[in-house]
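Read through the structure below, which is laid out as structure tokens, and then see the notes.
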There are 4 protein chains.
Amino acid sequence: MTTEESGVVADWRTYEEQRLPRVLAAALETFGEKGYHGTTTRQLAEAAGMSVPGIYHHYASKQDILFDLMMVIIDELIERSQQALASAEDTPRAQFDALVESLLRFHMHRRRGAMLSTSELRSLEPENRARYVARRDEQQRMLDRIVLAGVESGALSTPYPADASRAIASLCVGVASWYRPDGQYSVDTLLTRFLAITESIVGIR
Amino acid sequence: MTTEESGVVADWRTYEEQRLPRVLAAALETFGEKGYHGTTTRQLAEAAGMSVPGIYHHYASKQDILFDLMMVIIDELIERSQQALASAEDTPRAQFDALVESLLRFHMHRRRGAMLSTSELRSLEPENRARYVARRDEQQRMLDRIVLAGVESGALSTPYPADASRAIASLCVGVASWYRPDGQYSVDTLLTRFLAITESIVGIR
Amino acid sequence: MTTEESGVVADWRTYEEQRLPRVLAAALETFGEKGYHGTTTRQLAEAAGMSVPGIYHHYASKQDILFDLMMVIIDELIERSQQALASAEDTPRAQFDALVESLLRFHMHRRRGAMLSTSELRSLEPENRARYVARRDEQQRMLDRIVLAGVESGALSTPYPADASRAIASLCVGVASWYRPDGQYSVDTLLTRFLAITESIVGIR
Amino acid sequence: MTTEESGVVADWRTYEEQRLPRVLAAALETFGEKGYHGTTTRQLAEAAGMSVPGIYHHYASKQDILFDLMMVIIDELIERSQQALASAEDTPRAQFDALVESLLRFHMHRRRGAMLSTSELRSLEPENRARYVARRDEQQRMLDRIVLAGVESGALSTPYPADASRAIASLCVGVASWYRPDGQYSVDTLLTRFLAITESIVGIR
DNA sequence: CATGAATGAGCTTTCATTCAT
DNA sequence: CATGAATGAAAGCTCATTCAT
């Protein structure tokens, strides 16, 4: 299976250790731990194994690092979502299942990035925030469209498709905040369980 | 109905405009908007309508303000939860419904405080964090106990009670991040819907 | 004799030790010695006998200090010039002599400030520079007007009044760069000599 | 007529577009515009059409560039002055006129370099400054000697030869700060005028 | 010479906090 | 409580300079 976009993600279900440039990896680690404003450029540099000016050789500002990181993260989410949809059967339920599975997998494997993006949205400067939010809305609209289409076709059933869509997205995002890859449950176990929950929200039994 | 603790909350279902001392109200507003590290004491003072030394008259440090605020917030949550349980019938389902309803109501009416507590946990200094987490765990254990008891009694049915409990809490907390009191849905509408979802998670049909 | 403007300067001929707020005095000293860009805020603070944040309590930026200093300096020059003209007889020659004497006295007694203003004009940010230059042009136009009027009345005689005016101003400003108050010549000696030179430029014999 | 020194200057009255190595030309432009401390090596490199390491291939430091530039400038001034004296008649007045004319021409045609040298003297490190000042004093002494000799011979007449010499030098230097080659007056016009002024200072009528 | 990556030292500025009044 | 002045510590960022290629 191939996608037009990018070539970074081989298969939407497969997650390798995230490969990020040193600076972004350090930003993910430090911003995730102490927050954007709670992280100093010195800490960031140390985490990156660089000097402070070394950081500034690659990025013009701390803000640019945050923005780039968040864009890299959401770009991966959207690309995987598109691949999931492209590779699934073209029935409402299959499309729904694929997208939710993709969302869940992403928030399990890219936990830190997902949480960081949620909590540091406010730390983006207005222009950057607008660009990020536009991208995030793309992702949300993919789910909105599928739920709505499913309801219209009769495959899904909920009186409030928009609310359901948002609740499902919120549920998936929430997984990132407590799932531990080294916990007792496998990805597949949790997938099965949460897929069942989300399906119940849109009236699949 | 009475509780041992406090006397601030008249009825666990009823939410008035939150009554906070000026400093805490300002902290809720500013920390919520720009984060703890993203807020300066001057901004805090301005939001409180005070001078900076005025702030320090009430609190020894910015950290103390965050800690006090988060404790006030979680104390209210726990007190309401206890009242909800105390006022509900002593059946597993009634207890479950009451606690979830309380959780949901709280995260709808105290959205900002709930979100702030989640995102600024990392900004608490170790000792404060430990005390806060202990208190938050109390709340989580209330739900854990009820789910477990319900499963043991046969009223609830899930093979993974601990996971279910955590997923439910996560769902309720997540509501705070997108619910808008001025949106199109009433509290009761959302309550009904989310109660149904959480019930489905623990096998109530 | 009175002036409408200000009340700082008692008599245009009399110069006391310049009375500047601590920060401006330090700026005059340090900027004058090493230049604006060559002076660090730490050096400035040390010269002012303050801490660095102490400086920023009074001024928002290093640039603001430079601007304020230069405005204070030129304001004094202009005020003294106006007083000189007001106190002189209303004949072309008396007006010319008074203004040149004022210019010369100023550039002898306020040497450092005058030199600093000349050399740091380029260090002013565009908006500040525009405001300063407008003020400096006021001063130049006072001389231009007098020379022109003198030529028209026949009291002065030069075929190029504008050039003469600029050359005279330049001569007076230049005095600041080499006159030493502790040198061998008194103010009055130099005054006499330079007044003779400037008079010769405009054809007074 | 020839000089022992150099061979760069064909005739002391003739000024071609200044021919400087790329780095010095860029230094003249940038240091002149924003000052030595106000110019970064990157700006310098850009102005030179070179890379930053390219600059360091030619010069060991930014300070070395300033020093070299200032020495090149004053060397040209001194060489032209010597040629002017060598080519003039050996009478006090002719010698005086030649030297002043040379000084004036130089400060009209090499305006930027002259102003830069004046304002960046303080940016030279002590050792460099000492060497530069020694050179500049050579130039000043040429004028001092001629004025003194002229007074002694009776051709010139001023009670303060040293002051007069300094004032004349100051006047000539000052020309650089306001003369514009694209202005309304030709070099010759200004020469005539300023020569008359300086002659009046030393009592030539 | 250019490119690109890197850095020690230091820059301007800000922060939380304090103290005298 | 407010005002105003002050500060140690540190923040984000930049500088001149270097080195490998």
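All chains are named by letter (A, B, ...) in the order of the sequence lines, taking the proteins before the strands, and each is independently numbered beginning at 1. All values reported here derive from a predicted model rather than from experimental measurement.
For residues 120-130 of chain C, every residue pair satisfying the side-chain hydrogen bond (donor to acceptor under 3.5 Å, both in side chains) rule, not counting sequence neighbours, is listed here: Gln63(C)-Asn128(C), Glu120(C)-Ser123(C), Glu120(C)-Arg122(D), Arg122(C)-Glu120(D). Sorted by first and then second residue, the ring-ring contact (aromatic ring centres under 6.0 Å, His included) pairs involving residues 55-74 of chain B (not counting sequence neighbours) form an empty list. Listed by first and then second residue, the ring-ring contact (aromatic ring centres under 6.0 Å, His included) pairs that reach into residues 15-36 of chain A are Tyr15(A)-His109(A), Phe31(A)-Tyr36(A), sequence neighbours excluded. Listed by first and then second residue, the salt bridge (Lys or Arg N to Asp or Glu O under 4.0 Å) pairs that reach into residues 25-37 of chain A come to none, sequence neighbours excluded.
The main-chain N or O of Thr39(C) is never found under 3.5 Å from a side-chain atom of Thr30(C) such that the two would form a donor-acceptor pair. Although no hydrogens or angles enter the test, the distance criterion places no donor-acceptor pair under 3.5 Å between the side chain of Ser177(B) and the main chain of Val173(B).
For DNA chain E, the span of nucleotides reached by chain A at under 4.0 Å from its heavy atoms goes, 5' to 3', from dG4(E) to dG10(E).
Here, dC1(E) and dT21(F) have their C1' atoms 13 Å apart, quoted to the whole Å.
DNA chain F lies under 4.0 Å from at least one heavy atom of each of the following residues of residues 40-56 of chain A: Thr40(A), Thr41(A), Arg42(A), Val52(A), Pro53(A), Tyr56(A). A heavy atom closer than 4.0 Å to some atom of DNA chain E occurs in no member of residues 61-71 of chain D.
Heavy-atom nearest nucleotides on DNA chain E were determined for Tyr36(B) and for Tyr36(C), and the one closer to the 5' end corresponds to Tyr36(C).
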Scan the side chains in residues 41-48 of chain A for donor-acceptor partners under 3.5 Å anywhere in the protein, sequence neighbours excluded, and list what turns up.
| from | atom 1 | to | atom 2 | distance (Å) |
| --- | --- | --- | --- | --- |
| Gln43(A) | OE1 | Thr40(A) | N | 2.9 |

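In this structure, the salt bridge (charged side-chain N to carboxylate O under 4.0 Å, His left out) partners of Glu76(C), at least two apart in sequence or on a different chain, are Arg80(C), Arg110(C).
Nucleic acid contact for His37(C): none, since no nucleic acid atom lies under 4.0 Å from a heavy atom of the residue.
Stretches of at least 3 consecutive Watson-Crick or G-U wobble pairs, with each checked distance under 3.5 Å, appear in DNA chain F as E:2-21 with F:2-21.
The side-chain heavy atoms of Leu124(D) and Val133(D), taken from C-beta on, include no pair separated by under 4.5 Å.
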